Amino acid sequence: MARPEPGLTLVGGGRMGSALAGGWIKSGYAGPIAIHDPAPSDLLKSWEDAGKISLNSDPAPASTLIVAVKPQVFPKILDDLRAFVGPDTLVLSIMAGITLSSLAESLGTSRVARAMPNTPGLVGEGMTLLCMPDGAAGDDTAYLQELLTPLGAVEGPLGEDQISAATALSGCGPAYAFLLAEIMAAAGIAHGLDEDLALRLAQKTVQGAGALMMDSDEPPSTLRENVTSPGGVTKAALDVLMRDGAMPSLMKEAVAEAIRRDRELSGD
Ligand SMILES: NC(=O)c1ccc[n+]([C@@H]2O[C@H](COP(=O)([O-])OP(=O)(O)OC[C@H]3O[C@@H](n4cnc5c(N)ncnc54)[C@H](OP(=O)(O)O)[C@@H]3O)[C@@H](O)[C@H]2O)c1
């Protein structure tokens, strides 16, 4: 099957939908962008005023339909969504927990795909997982990988059986990193640092470590070892964080629990 014709129809212009659309506009996407949202934000309205998108035009079969509403809204708007699906429509859902088979069945097409973004996608630094059905056309995969780049890096296509574990890492992972900054700051405060200073130190350190990690060819374990001199200060702290039952095993347990909950919500 050939690449979809130019033209994007986005249903749900919230945080993620707007991040995607903003990226398409910025990169000069060559085709019309139609956005449907019952309560469009000022940002969406400003794009419409500038002639960059059309808002809430009459429903018509889309070339590519991107569904970015909350998962709980999806079953309620199926009739509306079906009006956007024609025989050649490629459907991409970014809704958490809605499986490929459920999408295909609900929308009456097998030309469906799923993506799982994360919140750093809102600043173009995200990790988005792409999931295609068996037998999907290579053209569709390449096209969707490109379409998701405004959110940051794209990984996949991954098998749908890997989505729960991958989601537990990159989907939930920003919260783990925020927690790290939060509890580092709290520990600093507990040891006498001023609250604002502790927060600034923790935030910048987490950000800086991330930037260094992405700039380096070394894996995180080597970067950690490089800053851990034998008998030194960092080593004293890591001996606590890495002892039996501490951070490594807690993270494993936390990820297992996230996977269990994701499967439960997906109805697996
Ligand atoms: N945010 C994340 O980190 C993240 C990560 C992975 C996946 N996702 C998925 O991305 C999707 C969107 O998340 P989000 O954070 O962008 O949510 P959001 O900001 O709430 O965006 C959803 C948008 O859909 C709109 N909407 C509601 N009913 C609609 C309808 N009938 N037709 C068209 N639009 C409608 C909402 O309008 P109202 O606000 O007026 O209801 C809202 O603007 C979700 O399915 C979520 O699972 C998000």
Side-chain angles (χ1 to χ4, degrees), residues 8-24 33-48 53-60 62 64-85 89 91-100 102-103 106-107 112-131 144 147-156 158 160 162-179 258-259 261-268:
L8 303 171
T9 300
L10 171 70
V11 178
R15 292 188 319 152
M16 280 294 163
S18 297
L20 274 169
W24 300 329
I33 302 173
I35 302 184
H36 295 262
D37 193 300
S41 64
D42 289 345
L43 179 64
L44 296 187
K45 287 182 200 156
S46 73
W47 288 340
E48 186 188 41
I53 62 159
S54 63
L55 255 181
N56 297 329
S57 47
D58 289 340
T64 303
L65 172 68
I66 300 97
V67 185
V69 295
K70 293 280 188 200
Q72 58 272 28
V73 170
F74 178 64
K76 298 181 193 150
I77 62 164
L78 276 180
D79 285 343
D80 295 340
L81 282 176
R82 285 193 198 104
F84 295 109
V85 180
T89 303
V91 180
L92 172 68
S93 155
I94 65 162
M95 296 177 290
I98 310 263
T99 60
L100 288 171
S102 162
L103 278 173
S106 308
L107 297 175
V112 292
R114 282 177 74 181
M116 172 56 61
N118 66 6
T119 47
L122 299 172
V123 291
E125 290 288 339
M127 168 52 70
T128 302
L129 311 167
L130 179 62
C131 186
L144 292 178
L147 212 57
L148 288 162
T149 52
L151 296 177
V154 180
E155 196 70 44
L158 301 179
E160 206 167 23
Q162 293 194 293
I163 282 288
S164 290
T167 298
L169 255 68
S170 63
C172 310
Y176 312 157
F178 299 142
L179 175 67
I259 292 171
R261 182 65 180 142
D262 185 72
R263 292 195 172 135
E264 191 173 79
L265 289 174
S266 307
D268 281 4

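When a ligand or atom number is given, it counts from 1 through the structure's own listing order. The structure displayed is predicted, hence computed values, not measured ones. In this chain, numbering begins with 1 at the start of the sequence shown.
The backbone N or O of Ala62 sits less than 3.5 Å from a side-chain atom of Thr89, completing a donor-acceptor pair. Distance alone, capped at 3.5 Å, is enough to place a donor-acceptor pair between the Ser18 side chain and the Gly13 backbone. A distance-only check finds no donor-acceptor pair linking the side chain of Ser102 to the backbone of Ile98 [under 3.5 Å]. Within the 3.5 Å criterion, the main-chain N or O of Asp37 finds a donor-acceptor partner in the side chain of Asn56. Between the side chain of Arg114 and the backbone N or O of Ala96, no donor-acceptor pair lies under 3.5 Å.
When only non-hydrogen protein atoms are considered, atom 23 (C) of ligand 1 lies nearest to Gly14 N, 3.6 Å. Protein heavy atom in closest approach to atom 47 (O) of ligand 1: Ala96 N, 3.0 Å. The closest protein non-hydrogen atom to atom 20 (O) of ligand 1 is Lys70 CE, 3.2 Å. Atom 48 (C) of ligand 1 has its closest protein heavy atom at Met16 CG, 3.8 Å. Atom 25 (C) of ligand 1 has Asp37 OD2, 3.3 Å as its closest protein atom, hydrogens excluded (heavy atom only). Ranking the protein heavy atoms by distance from atom 9 (C) of ligand 1 puts Ile94 O, 2.9 Å first. Scanning all protein heavy atoms for the shortest distance to atom 12 (C) of ligand 1 gives Ala68 O, 3.2 Å. From the protein, the heavy atom lying nearest to atom 3 (O) of ligand 1 is Thr119 CG2, 3.0 Å.
Not a single protein heavy atom sits closer than 4.0 Å to atom 38 (P) of ligand 1. Contact annotation for atom 41 (O) of ligand 1: protein absent (non-hydrogen atoms, distance under 4.0 Å).
For Arg15, a nitrogen or oxygen atom sits less than 3.5 Å from a nitrogen or oxygen atom of ligand 1, counting backbone and side chain alike.
By the criterion of a heavy-atom distance under 4.0 Å, both the backbone and the side chain of Pro117 are placed next to ligand 1. The part of His36 lying near ligand 1 is the backbone, judged by heavy-atom distances below 4.0 Å. Looking at Met116 against ligand 1, only its side chain comes within 4.0 Å, counting heavy atoms.
Minimum heavy-atom separation, Thr128 to Ala115: CG2-CB, 3.8 Å. Scanning all heavy atoms of the two residues, the minimum distance from Thr167 to Asp262 falls at CG2-OD1, 4.1 Å.
Counting the atoms of ligand 1 from 1 in the order shown, those under 4.0 Å from a heavy atom of Met95 are 45 (O), 47 (O). If you number the atoms of ligand 1 from 1 as listed, the ones under 4.0 Å from a heavy atom of Pro71 come out as 44 (C), 45 (O), 47 (O). Under a 4.0 Å criterion applied to the non-hydrogen atoms of Ala39, ligand 1 contributes the atoms 40 (O).
The closest heavy-atom contact to atom 45 (O) of ligand 1, among the options Thr128, Val69, Ile77, comes from Val69. The heavy atom nearest to atom 34 (N) of ligand 1, out of those in Gly17, Pro38, Pro120, Ala19, is found in Pro38. Distances from atom 27 (C) of ligand 1 to the heavy atoms of Leu81, Leu44, Val11, Val73 show the closest one on Val73.
Atom CD of Glu48 sits in a crowded spot, with more than 12 heavy atoms from other residues, nucleotides or ligands closer than 6.0 Å. The environment of CD in Glu160 is crowded: more than 12 heavy-atom neighbours from other residues, nucleotides or ligands sit within 6.0 Å.
The distance from the CE atom of Met95 to the CD1 atom of Ile66 is 12.0 Å, given to the nearest 0.5 Å. Note that CH2 of Trp24 is 5.0 Å distant from CG of Leu147, once rounded to the nearest 0.5 Å. Atom CD1 of residue Ile259 and atom SG of residue Cys172 lie 9.0 Å apart, to the nearest 0.5 angstrom. For the atom pair CG (Leu92) and SG (Cys131), the distance works out to 10.5 Å, reported to the nearest 0.5 Å.
Ligand 1 has Gly13 within reach: a non-hydrogen atom of the residue lies less than 4.0 Å from it.
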